[in-house]
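Letters A, B, ... are given to chains in the order of the sequence lines, protein chains preceding strands, and every chain is numbered from 1. Worth knowing before you read on, the calculation uses all heavy atoms, side chains too, and leaves out hydrogens, waters and symmetry mates.
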2 protein chains.
Amino acid sequence: MPTNTDIAAERANSNINARDLTFTLYGEDGAYRRKLAFERADKDQAFEKSKKFSLMDRDKLYDEAIRMETVVAQRLQEYGYNNSKDIQTFLDRGYFLSAVFLGVHPFAIHFGGFIPSILGQGTPEQIQEFLPKAECMEYIGTYCQTELSHGSFVRGLETTATYDKSTEEFILHTPNLSAIKFWPGGLGRSCNYAVLMAQLVITGKNYGIHPFMCQLRDLNTHQPLPGVEVGDINYKFGGNALDNGYLILTHYRIPRTHLLMKYAQVSPDGTYTRQDVPPQIAYLSMTFLRTILVTASASSLAKAATIATRYSAVRRQTANRDGIEPQILDYQTQQMKLFPAICTAYALHFSGAALQSAYNDILASVGNGDMSRLSELHCLTSGLKAYSDISSHHIEVCRRSCGGHGYSHASGIPDIYQQNVINCTVEGESTVLYLQVGRSLVKFLKKADSGEKLPPALAFLSESSPPQQSLP
Amino acid sequence: MPTNTDIAAERANSNINARDLTFTLYGEDGAYRRKLAFERADKDQAFEKSKKFSLMDRDKLYDEAIRMETVVAQRLQEYGYNNSKDIQTFLDRGYFLSAVFLGVHPFAIHFGGFIPSILGQGTPEQIQEFLPKAECMEYIGTYCQTELSHGSFVRGLETTATYDKSTEEFILHTPNLSAIKFWPGGLGRSCNYAVLMAQLVITGKNYGIHPFMCQLRDLNTHQPLPGVEVGDINYKFGGNALDNGYLILTHYRIPRTHLLMKYAQVSPDGTYTRQDVPPQIAYLSMTFLRTILVTASASSLAKAATIATRYSAVRRQTANRDGIEPQILDYQTQQMKLFPAICTAYALHFSGAALQSAYNDILASVGNGDMSRLSELHCLTSGLKAYSDISSHHIEVCRRSCGGHGYSHASGIPDIYQQNVINCTVEGESTVLYLQVGRSLVKFLKKADSGEKLPPALAFLSESSPPQQSLP
């Protein structure tokens with residue numbers, strides 16, 4: 001099909017070198033790896049149907065997503081995208097998956113939450129036991145934290161894990177309706193395992209929230225095990241290829257050794273020990289997800305802005321004095337919609353990259369026992385993750401800027417919005433995060449006032465500033 | 001089921017009389033009629049399934065919507081809701097339909113666009129011929145204006161209606177891809193007729209856009225007639241019970257008498273005559289739809305605000321110093337989301353009511369031959385319709401204020417958003433409308449400066465004001 005002449009003219013008039021820009025965005029090596037992943041996905045007949053996801057009902061959509069997941073698993077092996085400890089492989093897999101699926105897929109939390117939790121919370125022995133089974137997908141897992149009535153306030157979770165010394169088991173239990181595990185992705189239909197957060201109780205004493213490795217379904221029949229009631233929570237605003245689920249546990253027993261014991265241990269006789277580590281350590285995998293969400297929001301917005309800009313180059317409307325209908329891209333009102341969207345996509349992309357770099361630096365320090373920059377990391381990731389909500393606003397502006405055609409699923413933008421807008425809620429609700437960042441900034445400011453040296457990202461708070469102008 | 005104790009306590013603490021408020025909103029008589037319509041819909045077993053619309057795929061959804069439409073048609077007869085010329089009946093039907101469907105239904109444009117166009121553009125003889133068949137639904141119609149490449153700029157439509165004197169017929173034709181009729185609601189699967197806007201051409205001369213009564217499908221077999229290619233444009237962001245469609249006409253002939261001739265006539269010999277009426281006359285039915293959209297947006301926002309406020313009364317999160325998790329309704333950050341939404345719903349409701357009242361007044365003047373207030377009406381309806389987009393912003397804030405649960409379709413808010421947000425695009429794209437209002441205000445301001453008396457809604461422009469402060 002020949003390129004639309006208006007699009008061709010816009011491209012010919014541009015003085016931006018697309019190749020240089022791509023290298024700036026992804027790095028030269030990264031750009032080629034990304035291109036390779038997209039080409040592989042694009043040529044692969046097995047993924048043809050994913051383009052029609054928005055036309056399927058939920059059951060068909062899920063079945064098709066799972067069929068694709070099994071092909072994806074083969075391809076990940078085949079292309080060497082499967083090693084979860086190498087950041088470049090992680091990115092390659094991300095490129096490949098984003099080329100195959102729009103948005104979250106049924107095994108997304110397996111890779112993004114379950115495996116990182118084993119790696120982050122397990123002892124070396126536990127990692128050795130669980131990780132290979134998770135990597136070959138004998139265990140398909142999710143991360144179960146939120147409950148029907150409990151989200152942001154993690155300490156308020158009600159699910160209990162009571163230690164039974166006589167059998168060396170934990171008894172996991174959902175005490176009432178409000179404690180039903182709710183939302184975990186992949187829980188509804190796909191998973192046979194979960195890392196599950198529950199209140200640890202030993203001889204009547206509550207030691208707070210701890211992570212438990214918990215089998216939910218039979219590995220052969222995929223039927224829920226006795227004591228486990230689990231199911232799908234059905235349609236959401238978006239992301240319906242993902243089977244978010246609910247879980248009710250009734251006096252359900254797991255071995256003592258399934259408490260992930262990197263930072264806290266329970267011995268066979270019920271003795272509790274705990275390493276003195278900052279609380280942020282427990283949330284490192286969530287912190288990582290927050291950095292990913294910033295980059296993901298940049299990518300979603302970039303797609304929407306690209307679609308809307310191309311549309312605006314092709315669409316002509318309302319005759320001018322010469323009787324010619326100009327490209328709507330030439331109207332100031334249209335530019336006021338598109339240009340901030342494009343700028344914000346770049347800003348979020350580079351912010352996300354800087355954040356991932358900071359995350360890697362600080363993680364390396366933590367590995368060397370230096371915990372001093374964890375508060376800085378928490379402040380940065382929370383603030384930028386919350387701010388990246390701005391992407392949804394701009395995506396919606398892009399959608400509307402395409403007029404009626406933006407309302408059609410054929411434009412692709414409704415799906416992008418519906419998938420992206422969950423980012424303001426998951427992995428830390430934005431209003432809650434902003435409040436945490438505010439509190440954190442005040443703490444840092446107090447430190448600055450008392451002459452303490454602030455970490456790099458917050459050093460600006462120590463800089464002298466002109467006296468504040470009085471309000472009128 | 002007993003009422004949640006937190007909800008019950010909030011209600012007990014309120015000093016607002018719900019009954020008085022309802023009367024203020026709808027009038028005493030209106031409130032009872034509305035309640036009756038809702039009770040009738042609610043008790044009716046035939047509409048049970050509409051509550052599960054969001055769980056159906058598109059074909060099931062459409063089939064179910066059509067099944068319901070046939071029941072609705074019976075009920076409208078039965079309850080006397082069918083007379084389209086009486087405003088109270090129009091409202092009653094609206095109450096009944098909004099209780100039955102969420103959002104637009106397949107015959108919405110039949111009632112909201114097709115019948116009003118016959119009434120507004122037809123001669124008394126044409127009304128007598130077409131209206132009874134439309135009212136008994138022998139004719140199921142839509143309104144075909146927008147084309148694939150033509151929306152806001154109506155003069156740019158490309159579909160032609162060329163008069164053939166020899167047979168006394170108009171030849172309707174889609175000259176190319178960009179001229180395909182696109183979007184009309186009900187066109188895809190439901191309609192057998194349309195009022196279709198096309199360029200009138202007589203012996204080589206173009207007389208501009210005119211409305212034609214145009215049969216599309218066989219009244220018995222429902223198959224497209226020869227020369228008519230018609231179909232569904234598939235999934236949209238929302239409103240998927242409605243079958244928006246496309247239409248390609250190939251040298252398709254209709255009788256001369258199917259030009260709706262209230263304001264412009266073509267005689268058998270091809271002589272063209274036109275009444276000297278303001279251009280706004282032709283858009284009166286769109287003006288009416290704009291007033292309806294303001295009220296509809298108030299209603300959508302009120303629903304979302306009610307759901308979010310009730311949720312915020314029930315939801316408790318994050319323990320305070322006393323170890324109690326407060327209702328999130330008591331957090332200032334939550335109130336900052338909910339209160340503006342509630343206020344805006346009221347503001348839009350009363351603005352919509354005032355607008356409908358102004359519309360009725362001005363329509364009565366027009367009936368008496370007084371066209372002087374048409375510009376005022378256009379300015380008011382365009383401005384308020386565009387401003388009512390604010391409802392979508394607040395609906396989305398309400399949705400997010402429910403955290404994860406707002407992302408679930410079970411909350412009801414995703415559907416409300418997806419349905420409501422089309423209002424910024426249909427019946428005049430908001431940016432285009434704002435520009436028209438701006439231009440109109442400048443014209444009125446010039447009139448005021450030259451001492452001319454302005455119409456009531458714009459009289460404020462004549463008021464003396466302090467000299468403008470110079471910008472810094």
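- With contacts defined as side-chain heavy-atom distances shorter than 4.5 Å, the pair Q199(A)/I209(A) qualifies.
- With 3.5 Å as the limit, one finds a donor-acceptor pair spanning the side chains of N420(A) and S391(A).
- Residue Y387(A) qualifies as open at atom OH: its count of foreign heavy atoms under 6.0 Å is 12 or below.
- The choice from R400(B), R155(B), E429(B) that makes the most heavy-atom pairs within less than 4.5 Å of chain A is R400(B).
- Between the K181(A) side chain and the M197(A) main chain, a donor and an acceptor come within less than 3.5 Å of each other.
- F237(B) pairs in a side chain to side chain contact (heavy atoms under 4.5 Å, CB included) with only one of the listed residues (P414(A), S408(A), S411(A)), which is P414(A).
- Considering only heavy-atom pairs separated by less than 4.5 Å from chain A, the leading option among G151(B), G156(B), S401(B) is G151(B).
- Between the side chains of N423(A) and S297(A), no donor-acceptor pair of N or O atoms lies under 3.5 Å.
- Listed options G238(A), A410(A), G403(A) were ranked by heavy-atom pairs under 4.5 angstrom with chain B; first place goes to G238(A).
- Counting heavy-atom pairs closer than 4.5 Å to chain B, the top-ranked of the candidates H393(A), Q418(A), R58(A) is Q418(A).
- In this structure, H405(A) and W183(B) have tilted ring planes: the angle between them lies in the 30° to 60° band.
- Neither the backbone nor the side chain of I413(A) comes within contact range of chain B; no heavy atom of the residue lies under 4.5 Å from a heavy atom of that chain.
- For a residue to count as touching a neighbouring chain, one of its non-hydrogen atoms must lie under 4.5 Å from one of that chain's; by this rule F182(B) touches chain A with the side chain only.
- When all heavy atoms are compared, the tightest approach of D232(B) to D243(B) is OD2-CB, 3.4 Å.
- Heavy atoms of Y417(A) lying under 4.5 Å from chain B belong exclusively to its side chain.
- Of all the listed residues (V432(A), V421(A), V426(A), L435(A)), the one sharing the greatest number of non-hydrogen pairs under 4.5 Å with chain B is V421(A).
- Within residues 311-323 of chain A, the residues that have a heavy atom under 4.5 Å from a heavy atom of chain B are R315(A), R316(A), Q317(A), T318(A), A319(A), listed by number.
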Starting from the C-alpha separation in whole Å, work towards a yes-or-no answer on side chain to side chain contact (heavy atoms under 4.5 Å, CB included) for E147(B) and S178(B). CA-CA 7 Å; E147(B) 296 171 358; S178(B) 62; over 6 Å; no

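- Electrostatic pairing of R189(B) and D59(B) counts as a salt bridge here, judged by a charged N lying under 4.0 Å from a carboxylate O.
- For Q334(A), no part lies near chain B; criterion is any non-hydrogen pair under 4.5 Å.
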